[in-house]
Amino acid sequence: MLYNFRMDNYELAETFDRIADLMEIKGEVVYKFLAYRRAAENLRSLAESAQAMREQNRLQEIPGVGKAIAEKITELLDTGKLEFLERLEQEVPPTLRDLLQVPDLGPKKAALFWKQAGITTLGELEAAAQGGQLRGLPGMGEKSETRILEGIQAVKRRSTRMLLSTARGVANRWLAWLREQPGVERAEAAGSLRRWKATIGDIDLVAACTRPAEVMAAFAAAPGILRVVGQGENKCSVELPDGIRMQLWLQPPERFGSLLQFVSGSKDHNVRLRELAQRKGLSLSERGFIEESTGREILCAREEEVYATLGLPYIVPELREDRGEIQAAQAGRLPRLIEIADITADLHSHSDWSDGANTILQMAEAARAQGRKALAITDHTGSLGIANGLTVERLRAQRKAIDEAQAVLGDSIRLLQGAEVEIHADGGMDYPDEVLAELDIVIASLHVSLRQPREVITPRLLGVMRNPHVDIIGHLSGRLLPNREGADLDMDIVLSAARETGVALEINANPTRLDLDEVYARRAGEMGILMSINTDAHDKTWFEQAEYGVSVARRAWLSPENIITAWSPEKLLGWLAERNERAKK
DNA sequence: GCCGTTTTCGGCCCGACTGTTTTCAGTCG
């Protein structure tokens, strides 16, 4: 079997972003570096490996990749280097990219500091600003200098992107505050938060408001705001104490739909919409449409009207990533996306038999309260000592406990006994096949030796997928958001194996996992692979997190048919019974 | 550098806000 050891899509994308930044600082033609950035973005949302596409001579099928970029991808895959980039880095010091992290500091100023003051690093910039050496440069004054110093401090405060769940918590508190302000008729979170991206950079809030000046003043002065970065009539940008950036946008109610649409993004989605508007002789902004021939305004109080004016059906925020949703909308081919109300089952949960906080009965009652009709108790297995994993003896004793709980619950919710079986570093599993055969459902998960090289960890997982007793692979990559990367699996091979074996892949709903991610979940859906949205609940309150798993599935364009935990309990149990039957043969 | 139900060549999005400016460039989302 051939493993891809070469640069993956993500590394390729990083390389092209690097090129784009340096070209922009260098002062290249706008559309050149934009082309590199677009190619980078599309590589990130590409689930097939560029390596495989290259072998089939299909690189130019990637949107935004033409002859020139395809050649560069090929060179990078073949040699791991790019002469073009090396020459560029001779011309433009690569450390200048760090300057772009500073708010309000873009390529033009970076170039100015470099060319006129010899500054090439963030440290040199800070020293120069402290020494008052920037204010003499063209277009720079004392205020700019202060702003840059503040910006450098903000960069140091803000370590990483936030978890989606963290951002939602912060946003909801501020929305509650906003909705109490006089003149505010509606307030919503927008931006990547509303699109349910797995991690969030800044928080964007929008409000329909008849008294903007007062609301803006109150917002800027509200307790809990570290400093105001910028403030105008329609927009205010602040920093919270933990380095979080937050923007508030205001428009009168009759323009609220346009505002909400605009701030929800994504940027690329909006660019496509504005191109579409132009072709209809319209100019589109957060204030509404303007008919270019007459100057007449078209106001949209509701977001649906923005899309309707462009002749499109409504596109939900989760799809707005310029990944084909506008073309699909034009063709009337938007998918019937899965919703939280579709979720009938949870096939991954832990009780106090291993490292869960609650009893089997408490877990079942909590799952039932969230509308689940089936719940699998899947405690950890023996070797995961830290999680109080079950020995075979305790596993068998637990079956009795589950039966007792089932007797209490009646037919209000169906309990299944499963296990989250540990995959050893050598690919072996914690329970022998005859024990696995006793279980209603088997999840196999990687927890240890996640850093094995691709050519080791991929076959390690493959062996497990081919075990006929295994029904679901739990949190495939093992990533932990926002910082720990997942295992270096060869996903082309893993997805093919899932298709062959019929094993379902979990979409783990825990906000620190969201694993499968949306890119591979979408590809899996296209390949006909089944997925299972599970909360991995270790506490009865965690069942509420199913909506995060649903958000991944929605961003992956998935429908209820793709998701076994959205099937009727009868269909799900039938699927399990069929697999167990086949495993016996 | 990419791309085509306006184009294989000539296009490629829009407004708010800031700081430095006497009319605008840079940055951001």
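Order of the sequence lines fixes the chain letters, A, B, ..., with proteins taken first and strands second; residue numbering starts at 1 for each chain.
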Query raised in the report: Hey, does the side chain of Y36(A) come within less than 4.0 Å of dG1(B)'s phosphate (OP1/OP2), counting only N and O?
Result: yes

Query - Atom pair distance, as rounded to whole Å: CD1 in I73(A) and P in dG1(B) - result: 13 Å

**Report entry** More than 12 heavy atoms of other groups within 6.0 Å of E233(A) CD
**Finding:** no

Report summary line: Atom CD1 of I290(A) and atom C1' of dC13(B) are separated, to the nearest Å, by 13 Å

Report summary line: Whether each nucleotide of nucleotides 20-29 of chain B has a protein heavy atom under 4.0 Å at its base (B), only at its sugar-phosphate (S) or at neither (-) is summarised, 5' to 3', as S-----SSSB

Report task. Check the angle between the aromatic planes of F84(A) and Y36(A) and answer parallel, tilted or perpendicular using the 30° and 60° thresholds. Result -> parallel

Requested in this report: Assign S283(A) to base, sugar-phosphate, or nothing according to its heavy-atom contacts below 4.0 angstrom with the strands shown.
Outcome: sugar-phosphate

Requested in this report: Please state the P separation for the pair dC2(B) and dT6(B) - nearest whole angstrom.
Outcome: 23 Å

Query raised in the report: So, D268(A) and R320(A), do they make that salt bridge, N to O below 4.0 Å?
Result: no

**Report entry** Span that lies between the P atom of dC9(B) and that of dG15(B), in whole angstrom
**Finding:** 32 Å

Query raised in the report: Between R287(A) (CZ) and dG15(B) (P), how many Å, whole number?
Result: 9 Å

Requested in this report: For dT7(B) and dT21(B), measure between their P atoms and round to the nearest Å.
Outcome: 47 Å

Query raised in the report: Can a salt bridge be assigned to the pair K109(A) and D104(A) using a cut-off of 4.0 Å between side-chain N and carboxylate O?
Result: no

Requested in this report: Say whether, by atom type as modelled, one donor and one acceptor occur between the side chain of D515(A) and the main chain of N508(A) under 3.5 angstrom.
Outcome: no

Query - Short N-O contact, R522(A) and E321(A), less than 4.0 angstrom - result: no

Query raised in the report: Does the side chain of R147(A) get closer than 4.0 angstrom to OP1 or OP2 of dG19(B) through an N or O atom?
Result: yes

Requested in this report: Mind listing the residues from residues 115-136 of chain A sitting with a heavy atom below 4.0 Å of DNA chain B? Number order is fine.
Outcome: none

Query raised in the report: Looking at R323(A) and E518(A), does any basic side-chain N land under 4.0 Å from a carboxylate oxygen?
Result: yes

**Report entry** Whole angstrom value for the distance that separates P of dG15(B) from CD of Q261(A)
**Finding:** 14 Å

**Report entry** Residues R194(A) and E188(A) bridged, charged N to O under 4.0 Å
**Finding:** no

Query - Partner residues of E544(A) under the salt bridge (charged side-chain N to carboxylate O under 4.0 Å, His left out) criterion, sequence neighbours left out - result: none

Requested in this report: Remember a base hit wins even if backbone is also touched, and classify R272(A) as base, sugar-phosphate or nothing at under 4.0 Å, heavy atoms.
Outcome: nothing

Report task. Could you please name the partner base of dA25(B), counting Watson-Crick and G-U wobble pairs only when both distances are under 3.5 Å? Result -> dT18(B)

Query raised in the report: Considering residues, nucleotides and ligands other than Y314(A), do more than 12 of their heavy atoms fall under 6.0 Å from its OH?
Result: yes

Query raised in the report: Among residues 193-201 of chain A, which contact DNA chain B at a heavy-atom distance under 4.0 Å?
Result: none

Query raised in the report: Base, sugar-phosphate, or nothing for L284(A), non-hydrogen atoms under 4.0 angstrom?
Result: sugar-phosphate

**Report entry** Cationic N near anionic O, under 4.0 Å, E91(A) to R87(A)
**Finding:** no

Query raised in the report: Residues two or more places apart in sequence or in another chain: which of them pass salt bridge (charged side-chain N to carboxylate O under 4.0 Å, His left out) with E214(A)?
Result: R211(A)

Report task. In whole angstrom, give me the gap between the C1' atoms of dC14(B) and dT20(B). Result -> 23 Å

**Report entry** Per-nucleotide protein contact string for nucleotides 2-11 of chain B, where B marks a base within reach and S marks sugar-phosphate only (heavy atoms under 4.0 Å, - for neither)
**Finding:** SS--B-----

Query - Integer angstrom distance from the C1' of dT27(B) to that of dC13(B) - result: 16 Å

Requested in this report: Answer yes when R168(A) and E547(A) have at least one side-chain N-carboxylate O distance shorter than 4.0 Å, and no when they do not.
Outcome: yes

**Report entry** Pair R38(A) + E41(A): basic N to acidic O under 4.0 Å
**Finding:** no

Requested in this report: Could you state the atom-to-atom distance from CZ of F289(A) to P of dG15(B) in whole Å?
Outcome: 12 Å

Query raised in the report: Taking the same atom, C1', in dC12(B) and in dC17(B), what whole-Å distance lies between them?
Result: 25 Å

**Report entry** Between dC13(B) (C1') and L310(A) (CG): distance, integer Å
**Finding:** 13 Å

Query raised in the report: Just wondering, more than 12 heavy atoms not from Q56(A) lying within 6.0 Å of its CD?
Result: yes

**Report entry** Rounded distance in Å - CG (D268(A)) to C1' (dC14(B))
**Finding:** 15 Å

